[in-house]
Amino acid sequence: MSTFVSLKNFSHTPTFRLTSTYLTIIMLMSIAFSTVFYNTSVRQLERPLPQRGFGMREEVFRQTFGTEFDSLLEERTRQAKNTLLVRLVILNSGALAVGAVLSYYLARKSLRPIEETMDAQTQFVSDASHEIRTPLTVLETTNEVALRKTKISQQEIRELLGYNIAEVRKLKDLSNALLDLLKNPDKETVLRDIEIQDALGEALASVVPAALVKNIKVVDKVDKLSVKSDSTLLARLFSILLDNAVKYSEQNKKIIITSSVQTKYVTINFKDQGMGISASDLPHIFRRFYRADKSRTAQYENGYGLGLALAERLAQRLDAKIFVESTQGKGSTFSVKIPR
Ligand code: ADP
């Protein structure tokens, strides 16, 4: 019963449909080939004997054996046709069995990357919903509590509104980050000669306010260099790394940006003196929604674990690569290797 049910379920799967399509193609080709082969062979078997050469001997045979000769010839043709038919049926049954296994294998192979993409999408949507639901629930609860109060002071109303605005801003940041991640994944980026300082300047401008609040000094030691890239996307990538460097550093620390030149690449290093990343977290930090446990503490709030996933996506579009070295408690260095 359960075998029947699982077979019935299997018949609705994409694997089954693709296997059937492949198998149908294989069998159509095999049957078409067999039909042509059978018809050609039968035509050859039923061809009258040639007059010259064999014709004389045929006459002698016919005179000796009479009509038996014709029946013998007919019998042999019939037997040859039957043998041919049986062999072709066996051959096609073999093709059906081998074709079924081959089709299943090919179907699994073709569907695996699609299934992986679908799984990743499902995971992404469920993680994103979870991240959105949490601040929404907090918003709902705080507002409900405030609404239930019979008396509420002007001061409390102001605090509540301030809190609401802060939470809405966070949600806006999250939705922007999600949109950035999903935007034009396949769009080809045109890489042009750009000045690295232009992109870096733009990124620095976006983190200066946050750095000032924590009295973090950002030292730019990058040389005047030209790279093959896209200024806007590169500035976005740099600002994600700088934003993290500021976010995961305590007050009064330093961030130093340096550059080095190789034959085909320019490498830009962002070195901070922040909390660092543990060896166990390091392999996962580029995953969507991944946040090291320590970075979830109130001291390092404000993040959804999407920044580095986005940075990596940007690096791919720019033919660049991101590397990270980090020692927990001492700091991290994120390096971006950009084509020249
Ligand atoms: P977010 O910063 O929003 O949490 P990211 O994808 O930018 O998400 O970073 C993922 C995680 O990697 C962070 O939560 C943090 O644990 C770690 N991380 C990233 N950059 C740094 C850094 N410069 N110093 C320490 N930890 C970092």
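The shown structure was predicted, so the numbers you read here are calculated from the model rather than taken from an experiment. All ligand and atom numbering here is 1-based and tracks the order in the structure.
- Under a 4.0 Å N-O distance rule, the pair K253/D272 does not qualify as a salt bridge.
- For ligand 1 and K247, the ligand atoms under 4.0 Å from any heavy atom of the residue are 1 (P), 2 (O), 3 (O).
- Neither the backbone nor the side chain of D281 comes within contact range of ligand 1; no heavy atom lies under 4.0 Å.
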- Task: Carefully, step by step, assess E75 and R78 under the rule salt bridge (charged side-chain N to carboxylate O under 4.0 Å, His left out).
- Result: CA-CA 5 Å; E75 180 56 23; R78 204 180 52 78; 2.9 Å; yes
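- The distance from ligand 1 to the heavy atoms of L306 drops below 4.0 Å at these ligand atoms: 6 (O), 8 (O).
- For ligand 1, the atoms lying closer than 4.0 Å to a non-hydrogen atom of I277 are 18 (N), 25 (C), 26 (N), 27 (C).
- Of all the heavy atoms of L308, the ones lying under 4.0 Å from any atom of ligand 1 are found in both the backbone and the side chain.
- Around CD of E144, the count of heavy atoms belonging to other residues, nucleotides or ligands within 6.0 Å exceeds 12.
- Of the heavy atoms in S332, only side-chain atoms (C-beta onward) come closer than 4.0 Å to ligand 1.
- E46 and K81 are joined by a salt bridge, as a carboxylate oxygen and a charged side-chain nitrogen come within less than 4.0 angstrom of each other.
- Close to ligand 1: G276, with a non-hydrogen atom less than 4.0 angstrom away.
- Nearest residue to atom 25 (C) of ligand 1 from F286, Y304, Y248, F334 is Y248 (criterion: closest heavy atom).
- Interface of A292 with ligand 1, defined as ligand atoms under 4.0 Å from a residue heavy atom, comprises 14 (O), 16 (O).
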- Message: Pair R192, V190 - check side-chain contact (heavy atoms from CB on, under 4.5 Å), show working.
- Response: CA-CA 6 Å; R192 295 195 179 84; V190 184; 4.1 Å; yes
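- With 3.5 Å as the limit, one finds no donor-acceptor pair spanning the side chains of T122 and D119.
- Residue-ligand proximity, G305 to ligand 1, at heavy-atom distances under 4.0 Å covers atoms 1 (P), 3 (O), 4 (O), 6 (O), 8 (O).
- Below 3.5 Å of separation, one finds no N or O of M275 facing any N or O of ligand 1.
- Each of the atoms 10 (C), 11 (C) of ligand 1 lies under 4.0 Å from some heavy atom of Y290.
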- Query: What's the verdict on side chain to side chain donor-acceptor pair (under 3.5 Å) for E312 and Q316, showing C-alpha distance, side-chain angles and the deciding distance?
  - Reply: CA-CA 6 Å; E312 193 161 68; Q316 272 170 10; 5.1 Å; no
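- Aromatic ring orientation, F334 versus F286: perpendicular (interplanar angle above 60°, classes split at 30° and 60°).
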